[in-house]
Amino acid sequence: MFQAWRNLYSKSDNAKAYSLLSPALFLIILVMLIPMALMLSFSSFTQVSMMEIDFTPTFQRYIDFFEKSLLVSLLIKSVKISFIVTLITLLTAYPVCYYIAFYVKKNKMLWLVLLTLPFWTSYLLRVFSWKIILGTKGVFNSTLLGAGIISEPLTFLMYSEEAVIITLTHAWAAFALLPLYVSLEKIDFSYIEAARDLGLSKFEVFWKVTFPLSLPGVIGAILIIFIPTVGDYVTPALIGGTEGRMLSNMIQAYFGKINNIPLGAASATIMLTTVILITAIVSYTTKRLTQRLS
Amino acid sequence: MNENFIQINGISKHFGNVKAVDDVSFSIKEGEFFSLLGPSGCGKTTLLRLLAGFEYPTNGNLLIDGSDITALPPDKRPTNMVFQNYAIFPHINVEQNIKFGLRKLGLTDDEIKKRVDDVLALVKLEGYEERFSGQLSGGQRQRVALARALVRQPKVLLLDEPLGALDKKLRDEMQLELRTLQKEIGITFVFVTHDQQEAISMSDRVAVMSEGKIQQLSAPNELYKNPENIFVSDFIGETNFLKASTRSKDGDHINVAIEDLGDFKVKNNLNIPENSSDVVCSVRPESMMISRDKSDWDICLEAKINQTSYLGEMTRFYVEVSGINKVITVSSQHFDNQSFENNTCFISISLEDISLLQKK
């Protein structure tokens, strides 16, 4: 029996791979697939009253979602906020990583550690700290008031879309820094020298060589920021107010005080589908972009 | 033919306190296969990078075909480079790699196509257009790098140890091929290598470098036969050094006392002064003769064979000469390790084969 197992194990790489993966697979089935299946099935039910759910399968909840302009606009807003956050993070993190990868000669690790230092504290604490900075009596406003630059506190800083964008950008920057840095660091400097040698200006070298070669990092950074921020609910809940509310806050409400679990499940499914679609589009277009650039 | 096609005038390059290149001046002829040879850290690669424009000199200036290129960036220079690791762009295929350098030359599509086809034929890579760097062997990558640089038709092609990553057999083939190619297209090649055999077999002229300075610049056979100093003599090929001191001059010859061997009259090409004790005599292993019996050569010494190594085309003997506390290397094509009884032999030296060199 034991010998038979050993033979199977040593002969088949697949068997080996699956046996090594089995703890993770078990966990994924338990905490991902089963809840997803539950969510999908709940989205096909109907909430009849506070305590009563009709289990007859129906697509009506999805129709409900698209008939409620509030939900659709919240979905669009979630995607928009995430998109802006991703864009700002990329535009700020890319030059920093470029600098560390190509110009810092000593102590690269120290630079990275310093940049990621704020992320050693909890996400919640960082969100709260922005509340202290951006609030009506916060650091920003009291400094400006004290300096006599403004006479009234700036209210748009807090409980607004802008506040959510600022907080999310800061909160997720470290996750963009690392993939970007790694992909830039990996680029052999002789590629850049070769491109210069072949007659390209520094600017052209960036677009024809450096940027295409760093695309894996860029895609990684986009996905790693976009996917979690679309569904982020802590930041809009604490910083966003009514202005900065996102779809995830509404989903939470459906499962909580509004108590319409089927509609909440349908909203969550739609959101998941949207994220998957956008991820697919990003991967596809960046692949095409690489070919176009070269 | 322009004798001063590339002019290197008083070039220095300092990195902090390190003088990578230290006040070097020489010229390279048009259409020449020129090698920079030296051990690692001698400044040969830095000098090549100065020519390419990846580094700028601390002092001095560089001219190619009469125009000053000292301050020009790499993309404005009439040079192209074959990198040590080839630097084939991994995200585009062979054809796109080769076309990469043509986009700024303002050629028509037909001209581009013709140039790419011609260069692919030149490096024998037809049919590989669609391949990516990862799908090529080392030798093929090397050809792509060569094609990519040559397709721009530079005035000077710079090669940074391009054969270093290849195995011995392929390297020998590529040496011959590169040499043929260079003669065929007539572009000036500046070739950097640490392999003396490579430099000697391929080049029209070789500059031997050490510690940022040119030690000797001459044709390969001159380097071998008439080294100008101990470094060159030691670096190019193998040699035996014997301590000596000079006595009186006699025309273009000089009398020397070789330690433990006696007084001899040898040629004095380097014009070494009389009564100097800072000299050595250099004798190549293959210029000596090893024999069973005594010979009538200028110097004939009885010796004992310590060790032999059989190399196929020749055998190398490590012998101890009676009265000299030093192991001397002799190589021979006629004898092998079976030839001597009791390990006793005679080694003979002709005075013509002794080079007199000055210590620093």
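Below, read A as the first sequence line, B as the second, and so on, with proteins coming before strands; counting in each chain starts at 1. Reckoned from all heavy atoms, side chains included, excluding hydrogens, waters and symmetry mates.
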(message) Is B:Ile88 close to chain A through its backbone or its side chain, or both, or neither, when contacts mean heavy atoms under 4.5 Å?
(response) backbone

(request) Count the heavy atoms of every other residue, nucleotide or ligand shown that sit under 6.0 Å from CZ of B:Phe15, and state whether that count exceeds 12. (result) yes

(message) Are more than 12 heavy atoms, taken from residues, nucleotides or ligands other than A:Lys202, located less than 6.0 Å from that residue's NZ atom?
(response) no

(request) Report yes if the side chains of B:Pro90 and A:Tyr191 come closer than 4.5 Å at any heavy-atom pair, otherwise no. (result) yes

(message) I need the B:Phe89 CZ to A:Asp188 CG distance, nearest 0.5 Å.
(response) 10.5 Å

(message) Does any backbone or side-chain atom of B:Arg148 lie under 4.5 Å from a heavy atom of chain A? Answer side chain, backbone, both or neither.
(response) both

(message) Test your reading of the model: is there a side-chain donor-acceptor pair from B:Asn80 to the backbone of A:Asp197, 3.5 Å cut-off?
(response) yes

(message) Is A:Leu200 close to chain B through its backbone or its side chain, or both, or neither, when contacts mean heavy atoms under 4.5 Å?
(response) both

(message) Taking NZ in B:Lys19 as the centre, count heavy atoms belonging to other residues, nucleotides or ligands within less than 6.0 Å. Is the count above 12?
(response) no

(message) Quick check on A:Phe206: does its CZ atom have over 12 non-hydrogen neighbours (other residues, nucleotides or ligands) under 6.0 Å away?
(response) yes

(request) Report the option among A:Val205, A:Val209, A:Ile192, A:Leu198 that has the most heavy-atom pairs separated by less than 4.5 Å from atoms of chain B. (result) A:Leu198

(message) Under the criterion side-chain contact (heavy atoms from CB on, under 4.5 Å), I'd like the reasoning laid out for B:Met81 against A:Glu193: C-alpha separation, chi angles, the key distance, then a yes or no.
(response) CA-CA 9 Å; B:Met81 179 131 150; A:Glu193 285 183 341; 5.9 Å; no

(message) Can you confirm whether A:Lys186 is buried at NZ, in the sense that more than 12 heavy atoms of other residues, nucleotides or ligands lie under 6.0 Å from that atom?
(response) no

(message) Quick check on A:Phe119: does its CZ atom have over 12 non-hydrogen neighbours (other residues, nucleotides or ligands) under 6.0 Å away?
(response) yes

(request) Return yes when atom CG of B:Asp167 has more than 12 non-hydrogen atoms of other residues, nucleotides or ligands closer than 6.0 Å, and no otherwise. (result) yes

(message) Among B:Ala145, B:Ala149, B:Ala87, B:Ala52, which residue has the highest count of heavy-atom pairs closer than 4.5 Å to chain A?
(response) B:Ala87

(request) For B:Phe26, look at atom CZ and say whether over 12 heavy atoms of other residues, nucleotides or ligands are found less than 6.0 Å away. (result) yes

(message) Rounded at 0.5 Å granularity, tell me how far OG in A:Ser214 sits from NE2 in B:His91.
(response) 10.0 Å

(request) Starting from the C-alpha separation in whole Å, work towards a yes-or-no answer on side-chain contact (heavy atoms from CB on, under 4.5 Å) for B:Phe100 and A:Lys208. (result) CA-CA 9 Å; B:Phe100 197 90; A:Lys208 299 288 178 195; 4.0 Å; yes

(message) For A:Glu204, is there an ion pair with B:Lys104 - N to carboxylate O distance below 4.0 angstrom?
(response) yes

